[in-house]
Amino acid sequence: MPEPTGYPDLDALLPRLEAVPTLGADGLEAERTAVLGRKSGVLTAALKTLAARPVEERKAYGAALNRLKVRFELALDARAEALEAERRRQESAGVDLTMPGRRRWVGAEHPVTRVVDEIVGIFRELGFAVATGPEVETEWYNFLALNFPADHPAMDMHDTLYLDAEPAAGEPGGRLLLRTHTSPVQIRTMLAVPPPVRVVIPGMVYRNDAMDASHLPAFSQIEGLAVDEGISFVDLKATLTHFAHRFFSPETKTRFRPSFFPFTEPSAEMDVECQLCHGSGCPACKGTGWMEILGCGMVHEVVLENVNLDPARYTGWAFGMGPHRIALLRYGVPDIRLLLGGDMRFLEQVGRPGAT
Ligand code: PHE
């Protein structure tokens with residue numbers, strides 16, 4: 001039994017004080033009100049008897065009353081804390097707090113998307129706008145306007161995916177096909193806006209190619225086109241060299257080799273120093289130390305005439321490159337099919353921002 005107070009009316013409350021640690025949550029709050037409540041609490045009522053007591057007793061009784069009140073408060077608070085702790089313990093029963101949390105899947109850009117965005121970003125800084133065009137084209141835009149002769153082998157069913165549908169009325173010429181390059185958007189752009197033209201054209205292109213380590217039947221390209229008065233091959237070389245230095249590294253060596261495209265004259269292919277061996281020769285660059293990244297050239301006079309521009313007044317240059325191929329070079333990926341597989345182990349290595 002708790003220590004007596006010396007006053008029978010107060011001592012009568014001691015069994016209740018002793019019982020506090022056995023109370024449940026509801027009983028505890030009821031008891032707090034019953035003992036300490038301002039209106040009907042028994043200790044509040046006892047306080048009111050103070051005035052009726054003999055003067056000499058008042059002080060000591062008041063002190064005993066207060067001490068008991070504090071003992072009740074402490075006991076009630078301690079019980080409330082114990083009940084809360086018990087509630088929390090039950091709540092987490094069965095939860096293993098030492099178990100590691102489930103890792104979140106953090107999304108990332110696909111490596112090819114990153115490459116496209118970076119390339120476009122570099123050209124935007126140089127004042128190029130972004131243009132796009134349809135993936136379903138006519139023979140005229142994809143080939144003929146670009147100065148392909150009508151019997152060019154690229155126009156064979158063998159290389160190009162033709163559609164059965166008829167072109168919309170009023171579209172210039174020939175059968176419908178899935179564009180084999182982004183160059184038809186050169187034609188669309190020059191027909192749509194007068195020079196000066198400076199655009200980059202990202203998009204998907206399609207070829208009747210079997211899939212292997214270095215070929216896909218559907219892949220991305222980025223076309224570039226600059227047309228104005230007084231544009232020369234110097235602009236082409238300087239801009240593309242600047243691009244290679246920005247995209248790869250300022251030390252990256254570049255070279256231009258003569259090439260052929262029906263829609264450019266002269267035409268070239270640009271190589272960059274192999275990004276894996278840095279020029280010493282390795283299996284990835286077949287021992288040459290160089291990797292081809294794009295085709296380019298001065299816009300052919302016939303192409304300018306086909307879009308009603310006067311070649312005596314306007315000149316231009318164009319390029320086309322393949323972001324899928326460039327992603328392989330940049331990240332040292334041995335097989336282009338890895339870019340389509342969606343294998344998280346691969347994408348986590350090369351797709352995460354900051355990974356190189
Ligand atoms: N269209 C060409 C290809 O797909 C690339 C290219 C574009 C070449 C523009 C020169 C100028 O191979």
Side-chain angles (χ1 to χ4, degrees), residues 112 116 119-120 123 128 130-135 137-149 152-156 158-161 177-190 197-209 214-227 231-233 235-241 243-244 254-272 291-304 306-307 309 311 314-326 328-329 336:
V112 174
V116 171
I119 294 171
V120 168
F123 281 96
F128 283 68
V130 176
T132 53
E135 293 178 10
E137 274 293 6
T138 65
E139 285 174 296
W140 189 77
Y141 283 111
N142 195 82
F143 294 121
L144 301 175
L146 288 162
N147 195 35
F148 282 74
H152 194 280
M155 292 177 71
D156 281 359
H158 190 70
D159 293 313
T160 298
L161 298 162
L177 48 80
L178 293 179
R179 67 182 179 190
T180 59
H181 52 177
T182 41
S183 303
V185 191
Q186 286 191 34
I187 303 297
R188 290 181 177 277
T189 306
M190 288 186 285
V197 170
R198 279 182 187 76
V199 288
V200 278
I201 303 154
M204 290 298 285
V205 304
Y206 303 86
R207 291 187 191 171
N208 195 8
D209 276 340
S214 54
H215 292 87
L216 297 176
F219 57 95
S220 60
Q221 280 197 339
I222 295 185
E223 191 88 7
L225 175 69
V227 181
I231 297 241
S232 75
F233 202 84
D235 300 296
L236 178 158
K237 263 189 102 167
T239 310
L240 292 176
T241 305
F243 160 74
T254 57
R255 72 174 182 188
F256 290 81
R257 283 177 294 108
S259 184
F260 174 80
F261 300 100
F263 40 95
T264 47
E265 180 58 34
S267 303
E269 259 150 45
M270 183 168 119
D271 297 341
V272 294
M291 287 175 151
E292 183 196 319
I293 63 159
L294 57 83
C296 58
M298 299 305 292
V299 179
H300 200 290
E301 287 194 5
V302 171
V303 174
L304 292 171
N306 287 343
V307 294
L309 292 177
Y314 293 111
T315 47
W317 61 271
F319 70 83
M321 58 182 138
H324 277 85
R325 287 274 173 86
I326 291 176
L328 301 191
L329 305 184
I336 202 165

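Being a predicted model, the structure only gives us computed values, none of them experimental. Just so you know, ligand 1 is whichever comes first in the structure, and atom 1 is the first atom listed for that ligand.
Atom NE2 of residue H152 and atom CG of residue L144 lie 11.5 Å apart, to the nearest 0.5 angstrom. Rounded to the nearest 0.5 Å, atoms CZ (F319) and CD1 (I201) are 8.5 Å apart.
Listed by chain and number, the residues in a side chain to side chain donor-acceptor pair (under 3.5 Å) with S267 are T264 (sequence neighbours excluded). E223 meets the side chain to side chain donor-acceptor pair (under 3.5 Å) test with T182, S183, Q186; sequence neighbours excluded. Under the rule for a side chain to side chain contact (heavy atoms under 4.5 Å, CB included), the partners of R257 that lie at least two apart in sequence or sit in another chain are R255, E269, D271, E292.
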Sub-3.5 Å pairs, protein N or O with ligand 1 N or O:
residue: ligand 1; atom: 1 (N); partner: H181; partner atom: ND1; Å: 3.0
residue: ligand 1; atom: 1 (N); partner: S183; partner atom: OG; Å: 3.0
residue: ligand 1; atom: 4 (O); partner: R207; partner atom: NH2; Å: 3.0
residue: ligand 1; atom: 4 (O); partner: Q221; partner atom: NE2; Å: 3.0

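In plain terms, the two heavy atoms of D209 and L216 that are nearest each other are CB-O, 4.4 Å.
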